[in-house]
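Beneath this line is the structure, given in C-alpha cells, with notes to follow.
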Amino acid sequence: MVSVKIFSILAIAATVLAAPAAVEKRSFSGDATYYNPSAGTNSCGTQASDSDIMAAMNVAQMQNGANPNANPNCGRKVAIKGPKGSVTVTIMDTCPGCASGDIDMSPAAFDKIADQAQGRVPITWDWA
C-alpha cells in the first residue's frame, strides 16, 4: 500500500514537472492604422522609410523600458491579417496613441491589408 502511494505521488510530481511553461498569448485583435515612419528616428533607434514593411507596436504590448532602443520587441516579426489580405511586418517603433492590440503600420505594409482611404481597419495578428 505504501509503495502504491509513493508511486502515485512520484507520478503526479513527474507530470507537474513535465508540464510546459506558460506560453505567451499568440493571437491578438485590434485596429491597424498607418503613419509615415520616414519622419524621423523611431523608438528602436533606427530610421525607416514609408516603403519598408514595418510597424509600430502599441505602448502596452511594446513595453519599452528605460532604453527603448534595447527593447527585445524591436526587430520581432508580426503576422497581420486585415480585410484585404495579410502581411508580416518588422516591429521598429512604438505607437503612443494606440490601444492594446492596435498596430500602426508603414503605408507600404498597410497597403497589403487595406486601402489607405479606409484609414483604420480591424485586424488580427500573431507574433511570427
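Put simply, the side chain of N67 gets close to the backbone of N69: a donor and an acceptor are under 3.5 Å apart. Checked by atom type and distance alone, the side chain of W125 pairs as donor or acceptor with a backbone atom of G101 at under 3.5 Å. With N73 contributing its side chain and Q63 its backbone, the two residues share no donor-acceptor pair below 3.5 Å. Between the side chain of T94 and the backbone N or O of S43, no donor-acceptor pair lies under 3.5 Å.
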Kindly list each side-chain donor-acceptor pair under 3.5 angstrom involving residues 79-88, sequence neighbours excluded, with atom names and distances?
{"unit_1": "K84", "atom_1": "NZ", "unit_2": "D111", "atom_2": "O", "d": "3.0"}
{"unit_1": "K84", "atom_1": "NZ", "unit_2": "D115", "atom_2": "OD1", "d": "3.2"}

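Partners of T90 according to the side-chain hydrogen bond (donor to acceptor under 3.5 Å, both in side chains) rule, which considers only residues two or more places apart in sequence or in another chain, are K77. With sequence neighbours excluded, the residues forming a side-chain hydrogen bond (donor to acceptor under 3.5 Å, both in side chains) with N58 are Q61, listed by chain and number. For T46, the side-chain hydrogen bond (donor to acceptor under 3.5 Å, both in side chains) partners two or more places apart in sequence, or in a different chain, are N42. With sequence neighbours left out, D31 forms a salt bridge (charged side-chain N to carboxylate O under 4.0 Å, His left out) with R120. Shown here are the side-chain hydrogen bond (donor to acceptor under 3.5 Å, both in side chains) partners of Q118, two or more places apart in sequence or in another chain: there are none.
The CD atom of Q47 lies 11.0 Å from the CG atom of D93; values are rounded to the nearest 0.5 Å. I91 contributes atom CD1, which lies 10.0 Å from atom CG of N71 (distance to the nearest 0.5 angstrom). A distance of 7.0 Å separates CE of M105 from CD1 of I123, quoted to the nearest 0.5 Å. Put simply, CG on D104 and CE on M57 are 11.5 Å apart, with the number rounded to the nearest 0.5 Å.
The shortest heavy-atom contact between P37 and S106 is CG-CB, 4.0 Å. The heavy-atom pair separating V121 from A114 by the smallest distance is CG1-CB, 3.7 Å.
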**CA sep, side-chain torsions, deciding dist, call: W127, V78, side-chain contact (heavy atoms from CB on, under 4.5 Å)** = CA-CA 5 Å; W127 293 107; V78 172; 3.7 Å; yes

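Taking hydrophobic clusters as Ile, Leu, Val, Met, Phe, Trp and Tyr residues chained together by side-chain heavy-atom distances below 4.5 Å, M62 shares a cluster with I103.
Applying the salt bridge (charged side-chain N to carboxylate O under 4.0 Å, His left out) rule to pairs touching residues 50-62 yields nothing, sequence neighbours excluded. The ring pair (Phe, Tyr, Trp, His ring centres under 6.0 Å) pairs that include a residue from residues 50-86 number zero, where partners must be two or more places apart or lie in different chains. Within the structure, every pair that satisfies the ring pair (Phe, Tyr, Trp, His ring centres under 6.0 Å) test and touches residues 33-87, not counting sequence neighbours, is listed here: Y34-F110. Among pairs with a residue in residues 64-97, none fulfils ring pair (Phe, Tyr, Trp, His ring centres under 6.0 Å), at least two apart in sequence or across chains. Among residue pairs with one or both ends in residues 48-93, those qualifying as disulfide (SG to SG under 2.5 Å) are C44-C74; sequence neighbours excluded. Pairs engaging residues 93-128 under the disulfide (SG to SG under 2.5 Å) rule: C95-C98 [sequence neighbours left out].
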